[in-house]
Asker: 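Before anything else, here's the structure in question.
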Amino acid sequence: MTLTAEQILALAPDAASAKAGTGQASLSKWSGLGGHAQALWGLCQGSGKEPYRAQIDLAGPAFKCNCPSRKFPCKHGIGLYLLYARDNTAFAETDAPQWVSDWLQSRGERSEKKAAREAEAATPEALAAREASQQKRAEKRQGNVESGLAVLDTWLEDLAREGLATLRGKPSKDWDAMAARLVDTQAPGLASRLRRLGLKIYGSGGSGWEIPAARELGQIAMLRQAYQRLDTLAEPLQHDVRTAIGWVASQEEALAQPGIFDTWTVQGSRSQDDDRVASRATYLRGEDSGRWAMLLQFSAGSQALPPPLLHGGSYRGTVHFYPSAWPLRAVFAGDMALSDGPPPDAQHAAPAGFDAHLQAYAEALAANPFLEAFPMLLDAVVPAYDPASAAPWTLRAAGGEALVLDAVFRHAWLLHALAGGHPIRVFGLWLGYTFLPLAAVAEGRTYSFDGGHG
Amino acid sequence: MRLDPNLHKMVLAGTTRAAFDAAAGAAAPLRPLLQQEQDHSSALWLSLAAQDTWQRAGHVPQTTLAKAAASHAVHARDASDANDANDARDANDARETRDAFDGNDANAASAGPVASGRDTAPPCPRAAEDVLHMILRGIHAELLPAWLDLARTHGLSLPHACLVPLIEQSLSRPGLREQLAPLLGARGRWLVAQNPEWGQRYDGAETAADGLDNADTAAAWNSGNLQQRTAALRRMRAADPAAALRALQADWPQEPSENRIALLPCLASGLSQGDEAFLEAALDDKRKEVRSAARNLLACLPGSQLGERCKARLAAATRLEHGSFEIRLPEACDKDMKRDGIGLQKPWNMGEKAGRLMDMAQCVPPAWWSERWQMEPAAVVRLLAAQEFSLALLTGLCSAVGNALRAGAPDAVGWFTALLAVPAGNGLDAAQQLLPQFPHLPAEAQQRILQAWLEDESPGGTQHAMVWAQQAAGTPGAKLSPQLSLLFLRKLQALLAGTAEPSYPVRGAFKALAQLLAVEETAYLQQGWPTEVWEHWPNWRELVGEFRETLQFRHTLQRSFIEHKE
């Protein structure tokens, strides 16, 4: 599967790297270009004496280059891939030179070693030892979280008594102090929700803020109550509550769940920057099972997120879901591979309205009332703009029903341009009252609306 | 989320100040549950959470009145048809209809049920789209006009995904807007009409490329705003100059001065003797700007009465007898002279009387001089250049040559080269005055003159060539033949070889030529550069690197339109 220039540029860690990468995508800079089904490689003359060796494992895609750049992938990797996309005849189909085959082999070995380490860690003794130390840590954390939530109780009570009207008159640092307290007491999930809410309250001068704010406070209070009564909840829902409070579920836990084998097509992704942690949620749909799966990627500090999965691309293999009352977050099993050929063009029947989608949402909400975002693939909807309306952007179905687009969606005009007033397929997240588009398919092409690279 | 007014009050004022009812506004099945939690310390928040979840689970999408909106659009269409049918001569009547039309149109756009038509032009190749994405990301953003020009010459439509950034970039760049407007296609025009802010900017833009028929033009002329009417008059003038003149003449008495100032210059295209009577009359207009526009047009019209009058005045003021040239400056400026715009401009670098001489020379075709004295243009120029009032005479002559060039006079090329040979000095810079007219020369003459400059060993030729390059780099569609490109490149390399580090003008020349050199074939661009061992190479490396990179990108850009990737 060949990527388009746009998809390749999306792999660049930032706009400057994308620009530098295009500068490298010129035949005059390269020698020794070659490739086979698995990889591409070439020598790029930089400012040093020896040319840099750039190589790409197409399966990832994964990049390697011996230049000193700290950007990843570096401009040479991006340039090499762009050059290939532009002019693949320049790449001689040959056996890989030593430095390429060594790298590919070491990549293979690394994944084997990882498997071996996992096997080792699965011996009964190792498991028992780990469980004991985990138990201890968990108990300590439990205590911490309880104390933090007790403070949250009082804080919420005060807030209810005094009302939200006077809130903006108080310094925002009081609010942040509550969020910081939750971080200290190891409830980062609630903490970041509270911080985000604080930004909305103090960060804008507009009116009408109090209803969404009250709604979010309600959700936080409901989570807190659920945690207090955790033992009375069904086991899968306990996972959802704990995750929302801030416990991080381990990948092993997910891999221990039975897997689902299918062809998973990437429908869209959503990147978010929360304080110092960036995350990207990528949504896939199982073509046979009709199931949704969401992969989460993280990066801390100034690091760029790992390369995204290809929008519109298909992966064939097994997916394991994290335990949840409405399983969504998932991991790929080792057998997952980029599927060759075009993604199956599933012909979903175009419904006249949104009944089936909203019904499915209601059922998901019944299973997990803490569900914040619900993936929806809407067939044959028409984006419409009405500047006179308070919510100017809607998606309309053939029957005249309309879903309001979320106010944070920044690419409404692009969506409008792609559809031109005709029905198109839109993927996105239903946020309870509004819809956030993440991708659209127009005339057979998938367009992503995920921010990141503007 | 819909919030019950009582609950809303509680949220704002706090439970201590407003009577608290946990079940306020809740649906019947929720009430007993919430009443049970009335005394809970977080009862307010829990009630909100329960109602929120309840509402989300039962969300019913809004329904739109698609049908009503559609009928609105049809109504607007009817109104515009009615406009066409009406003989909207009466300005007041037209204005009223126009307002009504605008109002309805806005409603139709806001309802948005009308889908865009199909683009008639084929889509551009994916490779070209990829290049456009890079340009819009800021990679060689300066090549956007070049990309658009290629799309135009290949007759392709714009990728829909790029319409929004293109339109947005064009909002603050009128030149880009002008270039983009005819390329928008059905989808682009539809999109622009959807956004009131964009629609306003694109009002009256040249959208004649596809879909705008005579009826649309007539409607724009009769009921558009000034911008739309100016564009409509240009289109009418291009289609049928005489009919366009009749339309303008018919409305002229009612047109306010501002409209006259904007509309009159539209007659420049298709100018003929048939326009003269109307333009002559406009010389009596009460506004200076209208008079001046009429005079400029008449000066471009060979054999015009204005030209004849100025010829007579010049004939009286200058005399050549037995090889000696005499000038009698026009002492007084009578009413007739004033009417012909003589003395209207007051140049800072010459006296009042000399200025009158210049104004006369502007309105006289250059051929008059050579016919009068039976001299070649070069001889006339030499003769005038030797006079005390050479600045006034030659400045006027330059302007007259510019008019002759635009009118396509066969002898204009000779005058052009003769004037450029006059060395700059005494306040006269013929090159600066004439080079902007260069694009009006016949293509073959352009080629010949550029080649002569580049083969000229004196610095003057190089200088003219570089000034030309700076000027041409800003015009979309300007390009050089492979032969001239090679000559230019060698000149550039000669400039480089002689200097330790790039000066500001040399940087400008590199930048301009990176936009102009032929890139169908790029091997020649690799040759003739100094090697790495040259002592000054470090000063030049970056500039030359950028130059070559830009040319390489242009090569890719150009190929992307013809190559088909599978």
Side-chain angles (χ1 to χ4, degrees), chain A residues 4-6 9 15 18-19 22-23 26 28 85-86 153 156-157 160-165 210-212 214-215 217-222 224-225 353-354 358 361-362 365-366 369 382 384-388 394 396 399-404 413-414 416-418 420-422 432-433 442 447 454, chain B residues 1 3 8 10-18 41-53 55-66 110-116 126-127 130-131 133-134 137-139 160-161 163-164 187 190-191 194-196 526 548-549 552-553 556 565:
Chain A
T4 65
E6 188 65 1
L9 285 168
K19 180 169 180 170
T22 29
S26 146
S28 60
R86 194 186 285 171
D153 277 338
L156 282 171
E157 251 174 75
R161 267 202 303 274
E162 288 170 29
L164 298 185
E210 71 274 7
I211 294 181
R215 186 190 153 211
L217 285 167
Q219 288 293 320
I220 290 171
M222 179 162 78
R224 193 275 167 275
Q225 289 308 314
F354 302 110
L358 292 170
Y361 173 65
L365 211 53
V382 182
Y385 177 63
D386 177 5
T394 49
R396 300 184 186 186
E401 283 184 1
L403 297 183
V404 173
W413 281 107
L414 171 58
H416 210 32
L418 291 173
H422 300 282
Y433 301 93
Y447 298 86
Chain B
M1 182 184 183
L3 206 53
H8 195 169
M10 282 176 239
V11 163
L12 280 175
T15 49
T16 48
R17 279 182 280 264
S41 57
S42 275
L44 173 66
W45 305 125
L46 292 177
S47 167
L48 276 165
Q51 297 202 33
D52 174 30
T53 311
Q55 285 183 26
R56 279 191 288 149
H59 182 83
V60 178
Q62 43 169 273
T63 50
T64 51
L65 302 165
S110 71
V114 184
S116 116
R126 276 301 281 273
D130 286 349
V131 171
H133 273 295
M134 290 183 204
R137 273 167 181 276
I139 298 168
H160 297 163
L163 285 170
V164 173
R187 178 68 58 95
W190 172 87
L191 191 65
Q194 296 279 306
N195 186 326
Q526 312 301 327
R548 279 150 68 162
E549 212 275 309
Q552 186 62 41
F553 192 89
T556 311
K565 277 200 311 188

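Residue numbering restarts at 1 for every chain, and letters A, B, ... go by the order of the sequence lines.
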Asker: If we ignore hydrogens and angles and just use 3.5 Å, is the side chain of A:H422 paired with the main-chain N or O of B:S116 as donor and acceptor?
Answerer: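 Side chain of A:H422 to backbone of B:S116: a pair is present.
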Asker: Which atoms of B:A13 are under 4.5 Å from chain A, going by heavy atoms: the side chain, the backbone, both sets, or neither?
Answerer: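 For B:A13, the contact with chain A is made by the backbone alone.
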Asker: If you round to the nearest 0.5 Å, how far is CG of A:L403 from NE2 of B:H59?
Answerer: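 If I round to the nearest 0.5 Å, the distance is 6.0 Å.
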Asker: Using a 4.5 angstrom heavy-atom cutoff, name the option from A:I220, A:L358, A:V404 with the most pairs to chain B.
Answerer: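 Option with the top pair count is A:L358.
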Asker: Between the main-chain N or O of A:A221 and the side-chain N or O of B:S42, is there a donor-acceptor pair closer than 3.5 Å?
Answerer: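 Absent.
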Asker: Between B:L44, B:V60, B:T556, which has the largest tally of heavy atom pairs under 4.5 Å with chain A?
Answerer: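 Greatest number of close heavy-atom pairs with chain A: B:T556.
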Asker: Do A:Q219 and B:T53 come close enough that some side-chain heavy atom pair is under 4.5 Å?
Answerer: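 A:Q219 reaches B:T53 side chain to side chain.
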Asker: Take B:R56 and A:L365 through the side chain to side chain contact (heavy atoms under 4.5 Å, CB included) test and state the conclusion after the steps.
Answerer: CA-CA 8 Å; B:R56 279 191 288 149; A:L365 211 53; 3.8 Å; yes
Asker: Given side chains that start at C-beta, do those of A:R224 and B:W45 come closer than 4.5 Å, heavy atoms only?
Answerer: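 A:R224 vs B:W45: side chains apart.
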Asker: Check whether A:L418 gets within reach of chain B through its side chain, its backbone, both or neither, counting any heavy atom under 4.5 Å.
Answerer: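 Contact with chain B: backbone and side chain both.
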Asker: Less than 4.5 Å apart, side chain to side chain, heavy atoms only: is that true for B:H8 and A:E210?
Answerer: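 Yes, close enough: below the 4.5 Å cut-off.
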Asker: Mind checking whether B:W190 and A:H416 have ring centres under 6.0 Å apart?
Answerer: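 Between A:H416 and B:W190, which both carry aromatic rings, the centre distance is below 6.0 Å.
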Asker: Using a 4.5 Å cut-off on heavy atoms from C-beta on, say whether the side chain of B:R137 contacts that of A:L9.
Answerer: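 Side-chain contact under 4.5 Å: yes.
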Asker: Report yes if some heavy atom in the side chain of B:M134 is under 4.5 Å from a heavy atom in the side chain of A:K19; otherwise report no.
Answerer: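 B:M134 vs A:K19: side chains apart.
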Asker: Quick one: of A:E157, A:R161, A:M222, who has the most non-hydrogen atom pairs under 4.5 Å with chain B?
Answerer: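 The answer is A:R161.
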Asker: Measuring from atom CG of B:L191 to atom CG of A:L414, what distance do you get when rounded to the nearest 0.5 angstrom?
Answerer: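 Here the interatomic distance stands at 9.5 Å.
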Asker: Determine the minimum heavy-atom distance between B:A49 and A:G218, stating which atoms define it.
Answerer: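 Residues B:A49 and A:G218, closest heavy atoms: CB-O, 3.3 Å.
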Asker: Between A:Q225 and chain B, with a heavy-atom cut-off of 4.5 Å, which part of the residue counts as in contact: side chain, backbone, both or neither?
Answerer: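 The side chain, not the backbone.
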Asker: If you count heavy-atom pairs within less than 4.5 Å of chain A, which of B:A161, B:S47, B:P196 leads?
Answerer: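 Top option by heavy-atom pairs under 4.5 Å: B:A161.
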Asker: Any idea which of A:A18, A:A417, A:A362 has the most non-hydrogen atom pairs under 4.5 angstrom with chain B?
Answerer: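 The candidate making the most pairs under 4.5 Å is A:A417.
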Asker: CD1/A:I211 to CG/B:L12 distance, rounded to the nearest 0.5 angstrom?
Answerer: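 With rounding to 0.5 Å, CD1 (A:I211) is 8.5 Å from CG (B:L12).
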Asker: What option among B:T15, B:L163, B:L3 has the most heavy-atom pairs under 4.5 Å with chain A?
Answerer: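 Among the listed options, the one with the most contacts to chain A is B:T15.
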Asker: Rounded to the nearest 0.5 Å, what's the gap from CZ on B:F553 to OG1 on A:T22? Could you check?
Answerer: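 Reported to 0.5 Å precision, the distance equals 6.5 Å.
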Asker: Within the distance-only criterion (no hydrogens, no angle test), does the side chain of A:R215 pair as donor or acceptor with the backbone N or O of B:L48 below 3.5 angstrom?
Answerer: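 It does not hold such a pair.
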Asker: Does any heavy atom of chain B fall under 4.5 Å from the side chain of A:Y361, the backbone, both, or neither of them?
Answerer: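 Looking at A:Y361, just its side chain touches chain B.
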